[in-house]
Amino acid sequence: MSEVTMAQALNEALRNSLRDDESVLVLGEDIGKLGGVFRITENLQEEFGPTRVFDTPLAESGIMGFSLGLALRGYRPVAEIQFDGFIYPSFNQVVSHVAKHRFRSRGRAPVPLVVRVPFAGGIGAAEHHSESPEAYFAHTAGLKVVVPATPLDAFDLLTQAIRDPDPVFFFEPKSRYWSKEDSELGADSLAMGNARVVKQGDACTLIAYGAMVPRCLETATAASEDGVEVEVIDLRSLVPFDLETCAKSVEKTGRAVVVHEAPLTAGFGAEVAASLAESAFLHLEAPILRVTGYDIPYPPAKVEEHYVPSVDRILGAIDRVLSF
Amino acid sequence: MTDGFEDAVRLLDPSGRLDEKAAEALDLKEDDLLELFRLMLMTRRADLESTALQRQGELAVYPPLIGQEAAQVGSAYALEPGDFAFPSYRELGAALVKGVDLVDYLHFYRGTWHGGTYDPLETRFGMVAVPIASQILHAVGYAYGSKLDGSRDVSMAYFGDGATSQGDFHEGCNFAAVFGAPVVFFCQNNQWAISVPVSKQTVAPIYRKAEAYGFPGIRVDGNDVLATYLVTRQAVQRARTEQVPTLIEAVTYRLGPHSTADDAGRYQPKEQVEQWRELDPLDRYRKFLTERGLLTEEVKKGFDEDANKLAAHIRSGIVGAPPPDPGDLFEWVFSEKTKRLEAQEKELLEEAGDQ
Ligand SMILES: Cc1ncc(C[n+]2csc(CCOP(=O)(O)OP(=O)(O)O)c2C)c(N)n1
Ligand SMILES: [Mg+2]
């Protein structure tokens, strides 16, 4: 066992995938020599050569449509979008083609590809570098949407995403890139599409993904000091959404709080809350609450701490569901 | 040629006279010369039949290609079976040449299935792409994949004059140049993007945009099937052997409405339509073949029969064709149905069963 960061885990997953499958190609902006602005593709071009790991012109729609063409030809492109806020130029290719290709061709021409997106805030970045656009993609039929929260999961999920026969949008919580875990990569892999209970409790269920998972664990520790044991679920995958794991927990706790950084309105939390209300209504002791970013543009770095759900805000929501 | 397009490559003038010197490079056997005509005739016939089927309510909508037969047949005829064509939505003629069953193609327009019901990988003919210019990038990615495979396959991207205003056109050309992708960009400049004339899309001649990306651009008389074939064959060859893309601007004209839902009388000047009707690609080529003594009565009769058969095939395949099974709607969203999709399918099928 050794310490590994999420960045290293992702790098290792890419390396293994490139080694195990000749058809895997890694492409994007500055991912070659530089190794990506977050160094996730570090040394890969050197190891696998500029044919399999290559920089593209600076054009996201181009990256997306070009990757689709490569997938049609039998390749497994793993494209990096440099930052969350720069995925929008590719949106038409994603929604009109990538998501629909298998459907439109009646299963004959699927386009397995992975799009890696460093996302969300909390790192003091400039405008357009801290956004959480996952709901747009979760809302689009035909895309899988995956978000790791830990180095180990980052490794497992990316490895699985690259092998998956469907297009996978892989959102990497960039504030967690440097988080460390003492673990052996690939040791205890849980299939993509399953949520994981990361802390047991019986007072209330916290449901989160990405960087909000450790934030919820922090909150759980604080609550525990007051004698309140909350359960924490790491969704890991928004599509498919593991309602069973969430519902089972809520049947036990009777209370749920969903936490994400993306804005409230039409965020993925709304989906979680509505689904739980439909499937576990009789077990609920309180309304399901959401602690999320506000319905405002992602704020400037100097005030972002007010936007990203904090331990205090989550504790506040726990108080409210407990005292309902 | 009409005003402003004098720089287009042309082998046949509108009276059907061949520029023998320019045609030296053509090197086509008599069979090929006739086959080009047969395919144009079949295209014209299938196109008219499709419009008729829409009028009868058998297709939801249809975008006629009448006037563009030479551009489509001439270009697609330059492709080998392994080459992949990525169409927009008006390429019924190219589909025919690529061997796509037009019934399967027209199921897109009947509203049976998005993407039609043919196999795009087997036919090497992409699914209809309506979002303008989006298919261009697929052609480039596919072509680059062919190159990585070390194969000889070339991609061809079909698009219109309006498409050259889209970012995906520019990104596609640029990616192709940077990666040396074996692809041909085939623009049918039919003078209109619905109601907007090409002069409102771009000021520079379309073919000259190639220079900005660093590969050849060429303008061809798109109503001259021989010139179109020759220019495309050379571009395909360049892509295949040198991995150099080419932008071809085929100057042609949309003699029909944008689609069966359009009223072109509101914007297309009558005199312009008349002027281009004089340049009908079939008439021109028919004159040439007749002059050469190739289009004998017997040959003509055989071709007419083929066209009739194709029309009958389309009609019998489309008229009254059943809708797909509603359960199909959940089948190919993902490789495996999610639990959610299973539940939703059950709900739909129960409701459908109740009706
Ligand atoms: C992205 C996008 N915007 C608008 C439309 C609506 N639309 C369909 S066809 C068309 C005109 C396209 O003109 P052109 O590229 O010249 O092709 P043509 O129809 O002449 O074959 C428009 C505006 C569309 N399909 N896609
Ligand atoms: Mg046009």
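In what follows, every chain begins at residue 1, and chains take the letters A, B, ... in the order their sequences are listed.
B/Arg110 places a side-chain N or O within donor-acceptor distance of the main-chain N or O of B/Ile318, the cut-off being under 3.5 Å. Between the side chain of A/Lys33 and the backbone N or O of A/Glu46, no donor-acceptor pair lies under 3.5 Å. In this structure, the side chain of B/Glu345 does not engage the main chain of B/Phe330 through any donor-acceptor pair within 3.5 Å. At distances below 3.5 Å, not a single donor-acceptor pair connects side-chain atoms of A/Glu29 with backbone N or O atoms of A/Leu58. Remark: the backbone N or O of B/Gly180 is not paired with any side-chain donor or acceptor of B/Gln243 at under 3.5 angstrom.
Heavy atoms closer than 4.5 Å to chain B are found nowhere in A/Lys100, neither backbone nor side chain. Using a 4.5 Å cut-off between heavy atoms, B/Leu121 touches chain A through its side chain atoms alone. Contacts of B/Phe179 with chain A are made by side-chain atoms alone, with heavy-atom separations under 4.5 Å and no backbone atom involved. With a 4.5 Å cut-off on non-hydrogen atoms, A/Leu72 touches chain B through its backbone and its side chain both. Contact annotation for A/Val111: neither backbone nor side-chain heavy atoms come within less than 4.5 Å of a heavy atom of chain B. Only the side chain of B/Val178 comes within contact range of chain A, with at least one heavy atom under 4.5 Å from a heavy atom of that chain. Contact of A/Pro110 with chain B is not made at all, since no heavy-atom distance falls under 4.5 Å. With a 4.5 angstrom heavy-atom cutoff, B/Ser146 touches chain A via backbone and side-chain atoms both. For a residue to count as touching a neighbouring chain, one of its non-hydrogen atoms must lie under 4.5 Å from one of that chain's; by this rule A/Thr56 touches chain B with backbone and side chain alike. In this structure, chain A has heavy atoms under 4.5 Å from both the backbone and the side chain of B/Leu329. For A/Ser96, the part lying near chain B is the side chain, with the backbone staying farther off; criterion is any non-hydrogen pair under 4.5 Å.
For the side chain to side chain contact (heavy atoms under 4.5 Å, CB included) criterion with A/Tyr88, the lone passing option out of A/Glu131, A/His128, A/Glu60 is A/Glu131.
Between the side chains of B/Tyr118 and B/His107, not a single donor N or O lies within less than 3.5 Å of an accepting N or O.
Chosen from B/Asn174, B/Thr338, B/Val128, B/Leu148, the residue pairing most often with chain A at heavy-atom distances under 4.5 Å is B/Leu148. Residue with the most contacts toward chain B among A/Leu143, A/Asp164, A/Leu243: A/Leu143 (heavy-atom pairs, distance under 4.5 Å). Here A/Ser61 is the residue among A/Pro240, A/Gly107, A/Ser61 with the most heavy-atom pairs under 4.5 Å with chain B.
Annotation: A/Phe103 is in aromatic contact with B/Trp113 [ring centroid separation under 6.0 Å].
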- Might you work through the side chain to side chain donor-acceptor pair (under 3.5 Å) test for B/His138 and A/Gln93, ending with a clear yes or no? CA-CA 10 Å; B/His138 310 162; A/Gln93 285 293 339; 2.7 Å; yes
- I would like to know whether A/Val146 and A/Met192 meet side chain to side chain contact (heavy atoms under 4.5 Å, CB included); could you show each step before the answer? CA-CA 8 Å; A/Val146 170; A/Met192 207 171 96; 3.8 Å; yes
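Contacts between residues 151-169 of chain B and chain A, defined by a heavy-atom separation under 4.5 Å, are made by B/Ser151, B/Asp153, B/Asp168.
Counting non-hydrogen atoms of neighbouring residues, nucleotides and ligands closer than 6.0 angstrom, the CD atom of B/Glu80 exceeds 12 such neighbours. No more than 12 heavy-atom neighbours from other residues, nucleotides or ligands sit within 6.0 angstrom of OH on A/Tyr136.
Taking A/Arg106 as the reference, B/Asp328 meet the salt bridge (charged side-chain N to carboxylate O under 4.0 Å, His left out) condition, with sequence neighbours excluded.
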